[in-house]
K.L.:
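Below is one structure. I have some questions about it.
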Amino acid sequence: MTAAVVQAPPGAGVLSSLSAVAKRSLLKYRRTPQVLFVSAVQGVAFMLIFRYAFGGAIESGTLSYVDYLVPGVATAGVLFSGGVSAVGIAEDAGQGLYDRLKSLPMAHTAILGGRVLADTVLVAWCLLAATLTAFLIGFRVHTNFFAGLAAFGVVVLFGMAFVWVFVALGLLSAANPQAAQGLGFLVLPLSFASSAYVPVHTMPDWLRAIAEHQPVTVAVNAARTLTQGAPAEALAGGTAGHFTLLAVLWSIGISVVFGGIAVARIRKR
Amino acid sequence: MTPTIEAVGVRKRFGEVTALDGLDIVAEPGQVVALLGPNGAGKTTFVRAVATLLRPDSGALRVAGVDAVADPRRVRRLIGLAGQFAAVEGAMTGRENLDMVARLFGLDRRAARAAADRVLRQLGLEEHGDRLVRTYSGGLRRRLDLGASLVGTPRVLLLDEPTTGLDPRSRIELWSVIRELVEQGTDMLLTTQYLNEADELADLIAIVDRGRVVAAGSPRELKARAGRDVVEVHVHDRESVAAAARVLAPLGVGEPRADAATRLVSIAVDSGSERLLESVRALAEQEVAVEDIALRRPTLDEVFLALTGTSAARPEDEKVTSP
Ligand SMILES: Nc1ncnc2c1ncn2[C@@H]1O[C@H](COP(=O)(O)OP(=O)(O)O)[C@@H](O)[C@H]1O
Ligand SMILES: [Mg+2]
């Protein structure tokens with residue numbers, strides 16, 4: 001052959017694919033300050049609204065009202081920040097980004113995996129803003145520093161599971177950012193029918209049966225018992241260890257199911 | 001030598017719609033192949049099949065000898081795709097976009113950096129390389145998107161309607177970029193709705209209609225195949241257009257084509273020179289005000305019309321539609 005023989009490139013493995021895709025989204029967030037600002041404001045606003053609008057109208061056992069409310073509002077907040085992912089995914093699909101990526105010799109699971117990593121960082125950022133606000137309005141961790149850190153970690157993990165939910169829904173809403181935006185409201189009933197804002201024993205029986213066992217309640221109870229100790233355990237009816245384990249299992253389960261749906265969808269050809 | 005692309009009887013259905021209906025094509029190394037066809041002909045579907053984004057229902061499809069159905073991952077190492085919409089990230093610089101794609105081809109940090117530099121140079125984008133892509137014009141974005149498809153030094157470049165939506169100036173700039181790539185020895189499959197684009201860029205034009213190739217050949221062969229010469233009359237004013245068409249109709253084969261805006265009337269004829277004289281006489285008798293009259297070979301547009309029964313788009317006709 002006379003033409004220069006060019007070696008075909010080898011293709012990227014899972015880790016380098018993940019990091020390249022995640023880097024793209026992270027750069028995008030960093031260079032679009034509106035995104036960082038809006039998600040931080042959302043975290044702060046939730047805290048302030050629930051702290052001051054609902055006042056002390058909630059019966060929270062021996063826990064102070066603020067200490068009861070903050071873990072709930074923070075956990076519910078990360079569900080909403082997942083909505084950004086659904087919109088972003090639908091936008092990317094509409095702009096042909098996935099066609100480009102799928103035509104490359106990369107690990108196709110990383111197309112979504114990298115995105116979810118980046119969005120989880122965004123979730124953590126939003127949660128950080130909410131947590132700092134919480135300390136300013138009187139919230140305290142009554143256990144120890146490491147339990148508090150564990151609570152943060154559990155909520156971020158739970159947030160990641162919901163990022164997968166939104167990624168799957170965003171893909172299924174077929175490249176339509178408006179439809180994806182609407183999906184954000186799906187988390188409303190899930191967060192209200194939980195222990196996030198009011199103890200479940202104040203709910204009517206039929207609702208209580210659902211609310212007691214659904215994943216948002218489990219994650220909220222984990223964050224609450226990890227940060228508040230015995231009074232919260234008494235109120236929730238279980239130990240911090242129990243709720244933490246359940247919350248981690250729920251997070252993994254949700255990620256696997258919705259991640260599976262999303263990855264199957266993007267790999268389909 | 002092994003063809004760069006070899007498709008035999010490729011079929012693909014989406015529910016009720018048959019997008020590819022037994023498409024056959026062979027692209028030899030060193031060739032630029034254009035798939036020319038109207039909207040909905042199946043061009044994008046075929047490109048997506050070659051790019052391993054979708055799996056044909058039946059038929060054989062090989063890229064540089066590698067089976068695109070059975071071994072998609074190997075095919076992905078051999079191709080570069082620039083789809084119908086520029087898939088570059090606005091919040092990254094041109095260089096960062098190229099670098100990301102290079103990393104996804106499995107290049108290490110240094111090789112990726114070198115590949116990005118090479119492509120920026122190749123496409124004359126050096127001075128824009130460190131600017132955020134969201135500040136680029138539409139033409140620059142397209143050029144960068146083309147660059148992204150070059151990062152992996154592909155055996156074959158797949159360009160789906162590379163100039164659709166560009167203003168005439170950017171279109172011509174992109175054509176010259178594409179021509180340079182061809183001179184450097186890049187094989188290409190491109191799709192277009194524009195006859196002049198296929199005419200300008202391609203060695204082999206495959207006219208695609210309803211999911212199959214209805215004619216294929218070099219631009220010259222295709223023009224010759226449609227056969228008939230055309231008598232073309234440029235009339236003096238708009239009012240004369242209809243009159244000229246009426247006068248010419250009995251002299252030719254089929255209906256005359258009349259365009260009031262350009263004041264052009266044309267008709268396909270057998271035995272050209274005789275009919276040309278008759279046309280001149282008849283127009284003079286009927287006192288139609290003629291500026292110019294000529295006999296010419298058919299354009300690709302007429303070939304297309306003859307072969308598919310529909311007219312292909314021209315850039316001028318394009319409506320600006322947002323995706
Ligand atoms: N994903 C899809 N689902 C359903 N129909 C499709 C899909 N992709 C293409 N089609 C249909 O297949 C036909 C060919 O489309 P396409 O390949 O995009 O044509 P072109 O690129 O030549 O305009 C069209 O009728 C189009 O509506
Ligand atoms: Mg198309």
Side-chain angles (χ1 to χ4, degrees), chain A residues 1-36 88 90-111 113-115 118 175-177 266-269, chain B residues 1 29-30 44 47-56 64 66 69 72-93 96-97 99-109 111-112 115 132 134 145 148-149 151-155 158 160 184-185 323:
Chain A
M1 273 213 289
T2 50
V5 179
V6 185
Q7 196 71 40
V14 177
L15 286 183
S16 29
S17 301
L18 272 176
S19 93
V21 175
K23 187 177 156 198
R24 168 187 173 270
S25 288
L26 287 174
L27 277 178
K28 180 171 177 167
Y29 292 147
R30 206 180 74 198
R31 290 174 186 165
T32 320
Q34 305 92 290
V35 174
L36 294 181
E91 272 173 9
D92 288 348
Q95 285 164 2
L97 178 74
Y98 296 134
D99 276 3
R100 155 72 41 74
L101 294 181
K102 284 164 72 180
S103 78
L104 297 175
M106 62 177 290
H108 285 187
T109 39
I111 296 174
R115 171 83 199 205
N176 183 342
I266 200 127
R267 293 179 68 146
K268 185 167 167 285
R269 58 179 199 109
Chain B
M1 279 225 279
T44 297
V47 169
R48 288 171 55 85
V50 176
T52 75
L53 301 179
L54 57 82
R55 189 197 294 269
V66 182
V69 180
R73 192 167 160 107
R74 242 178 91 205
V75 168
R76 291 178 197 132
R77 294 168 54 192
L78 301 171
I79 58 167
L81 170 70
Q84 213 160 345
F85 306 110
V88 287
E89 171 53 57
M92 298 203 293
T93 66
E96 285 167 344
N97 268 285
D99 190 71
M100 178 185 82
V101 175
R103 295 305 300 263
L104 293 172
F105 268 108
L107 304 187
D108 64 31
R109 207 176 292 275
L132 290 189
R134 60 181 165 221
D145 193 53
S149 67
V151 165
T153 50
R155 281 284 302 277
L158 308 170
D160 194 10
Q184 292 160 19

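Each chain gets a letter, A, B and so on, in the order the sequences are listed, and its residues count up from 1. Since we're looking at a predicted model, the values are computed, not measured. Worth knowing before you read on, the calculation uses all heavy atoms, side chains too, and leaves out hydrogens, waters and symmetry mates.
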K.L.:
Looking at every heavy atom in both B/Val50 and B/Ile79, which two are closest together, and how far apart are they?
P.N.:
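Answer, listing the atom of B/Val50 first, then B/Ile79: O-CD1, 4.3 Å.
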
K.L.:
Could A/Arg100 and B/Asp145 be called an ion pair, given the rule that one side-chain N must be under 4.0 Å from one carboxylate O?
P.N.:
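Looking at A/Arg100 and B/Asp145, the cut-off is met.
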
K.L.:
Return each pair, listed once, that meets side chain to side chain donor-acceptor pair (under 3.5 Å) where at least one residue sits in residues 75-89 of chain B; pairs must be two or more places apart or across chains.
P.N.:
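As it turns out, the side chain to side chain donor-acceptor pair (under 3.5 Å) pairs with a partner in residues 75-89 of chain B, which skip direct neighbours, are A/Arg24-B/Glu89, B/Thr44-B/Gln84, B/Thr52-B/Arg76.
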
K.L.:
Only pairs of heavy atoms separated by less than 4.5 Å count here; which of B/Arg74, B/Arg73, B/Arg103 has the most with chain A?
P.N.:
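Top count of heavy-atom pairs under 4.5 Å with chain A: B/Arg73.
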
K.L.:
Could you tell me which portion of A/Ala107 (side chain, backbone, both or neither) has an atom closer than 4.5 angstrom to a non-hydrogen atom of chain B?
P.N.:
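Just its backbone gets close to chain B.
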
K.L.:
For residues 9-16 of chain A, please give each side-chain donor-acceptor pair under 3.5 Å, one per line with the distance, not counting sequence neighbours.
P.N.:
none

K.L.:
I'd like to know if the side chain of A/Ser25 reaches the main chain of A/Ala22, judged simply by a donor and an acceptor atom lying under 3.5 Å from each other, with no hydrogens or angles considered.
P.N.:
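No, because the side chain of A/Ser25 does not come within donor-acceptor range (under 3.5 Å) of the backbone of A/Ala22.
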
K.L.:
Please check if the side chain of A/Arg31 supplies one atom and the backbone of B/Ala91 the other of a donor-acceptor pair under 3.5 Å.
P.N.:
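Pair found, side chain donor or acceptor close to backbone of B/Ala91.
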
K.L.:
Quick one: of B/Ala87, B/Ala111, B/Gly185, who has the most non-hydrogen atom pairs under 4.5 Å with chain A?
P.N.:
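Answer, by heavy-atom pair count under 4.5 Å with chain A: B/Ala87.
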
K.L.:
Counting only heavy atoms closer than 4.5 Å, note whether B/Ala86 contacts chain A via side chain, backbone, both or neither.
P.N.:
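B/Ala86 touches chain A through backbone heavy atoms alone.
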
K.L.:
So which part of B/Leu78 gets closer than 4.5 Å to some heavy atom of chain A, the side chain, the backbone, both or neither?
P.N.:
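For B/Leu78, the side chain is the part near chain A, not the backbone.
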
K.L.:
Side chain, backbone, both or neither: which part of B/Leu132 has an atom under 4.5 Å from a heavy atom of chain A?
P.N.:
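It is the side chain, since no backbone atom gets that close.
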
K.L.:
Do you know which of A/Lys268, A/Lys28, A/Lys23, A/Arg267 has the most heavy-atom pairs with chain B at a distance under 4.5 angstrom?
P.N.:
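The residue among A/Lys268, A/Lys28, A/Lys23, A/Arg267 with the greatest pair count is A/Lys28.
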
